[in-house]
Amino acid sequence: MTTLSISADFDSGNIEVIDASSPAHIQLAMRPDTQSPHFQWFHFKADGLKIGEPHHFSLNNAGQSSYNQAWTGYNAVASYDHQDWFRVPSSFDGTALNFTLTPTHTHVYFAYFEPYSRERHDWLIQHAQENAGTQWLATGKTVEGRDITLLRKGDGAPGKRKIWIIAQQHPGEHMAEWFMEGVIERLQEQNDPVLNHLLDAADLYLVPHMNPDGSFHGHLRTNANGKDLNRCWQDCTEDASPEVFFVKQQMEKYGVDMFLDVHGDEEIPYVFTAACEGNPGYTSKQRELEALFRSRLSEITRDFQTRYGYPRSQPGQANMNLAANSVGEQFKCLSLTLEMPFKDNDDAPDLITGWSGKRSKQLAKDVLTTLSDMVSVLR
Ligand code: GEM
Ligand code: ZN
């Protein structure tokens, strides 16, 4: 007879086993990021399951996680083949996150969100060059020596607007690289007048993954040094956060006319943006462009809205260590943090998948349409 086993010793794996001796109560815990107390991401495989029998899983330390209020209304994702992911009804009892699966296979994967693998990242970078006409412009190195790839679509001709999109500074926010796959997929189109209008006026500077060390190690928020990359855009150093250091250097080299920083939010079940209203040098032009971006995107898709989001910063009170605030202040351009949910978009819920990789990709295509509409007024 087979025995139940739990493993997480793979790309973006994260779980510790407390007691897996009984399918009636498999007790697990999430492991904190390296040199950081943050945790919320999980990703593991369960083997030796009994088909047709209920298996009860508990993440015992959910109540102590970074965003412990976020578990209410959250459902774990699962997959038998690591390709098709579905939600498993979950409940939070104030201490543990609990879910039950009656499997149709002897093994299953669970994760906090549909993982974007290291393998797929490598494929995406290749595919972006071979099929989407992007150029590998520069390479940074992470703390552990992984590549930070900067791609450019366009020739860098003078007069072109420079639109930057970066993703997954927070390594557990895997929806962010799914979004980048959506960008790159649309760049493959040959007969797309809306896209061509954008590309006639602008070059796209793309960093599909800002924090590959963190993702590989199954982190929620930090790089291999325990640094939250979206909290070090003023005071980053080459030693502590080489990932941000590299991208800032490249931005200074090429310039920035629009910046989008792609994230996921644990709590809020909607897609939204955060902007630069709290910056000391906030301009009326920035205010107009933020409003235009938000209204255009919400006209195009139900997967974006403006009712829910973070509280607006008071004038002059922004945290300038956030990428969007820092870049907006330095380049006086439209600069946004885009947040997608870990849960679902409650304006258009999908009971099978919740928010997903596929929906993140579609949102990216709609963002490119919005940028095409706006490109002539960015400066
Ligand atoms: C956010 S901060 C995370 C906020 N999450 C919850 N649940 N309040 C992010 O990481 O996407 C943006 C940021 O970095 O400030
Ligand atoms: Zn984030």
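In listed order, ligands and their atoms are each counted from 1.
Residues passing the side chain to side chain contact (heavy atoms under 4.5 Å, CB included) test with Asn196: none are found, sequence neighbours excluded.
The protein residues lying under 4.0 angstrom from ligand 1, judged by non-hydrogen atoms, are Tyr67, His170, Glu173, Arg221, Asn230, Arg231, His263, Gly264, Asp265, Glu266, Glu267, Tyr310, Leu322, Glu339.
Within the cation-pi definition used here (under 6.0 Å to the ring centroid, within 45° of the axis), Arg294 does not qualify as a partner of Phe304. In this structure, Arg307 is positioned above the aromatic face of Tyr270, its NZ or CZ under 6.0 Å from the six-membered ring centre and within 45° of the axis.
Taking the six-membered ring where the residue is Trp, His107 and Tyr109 present perpendicular rings, their angle passing 60° and hence far from 30°. Relative ring orientation between Phe272 and Tyr310 is described as perpendicular, the plane-to-plane angle rising above 60° on a 0-90° scale split at 30° and 60°. Note: Tyr112 and Tyr74 have tilted aromatic rings, judged against thresholds of 30 and 60 degrees for the angle between ring planes.
Residue pairs meeting the salt bridge (Lys or Arg N to Asp or Glu O under 4.0 Å) criterion with at least one member in residues 226-243, sequence neighbours excluded: Arg221-Asp228.
Excluding water, every protein N/O/S atom under 2.8 Å from the Zn ion (ligand 2) is given here by residue and atom: His170 ND1, Glu173 OE1, Glu173 OE2, His263 ND1.
Side-chain polar atoms of Gln305 and Asp347 form no donor-acceptor pair below 3.5 angstrom. In summary, the side chains of Glu173 and Tyr116 do not present any donor paired with an acceptor at a separation below 3.5 Å, with no hydrogens or angles considered.
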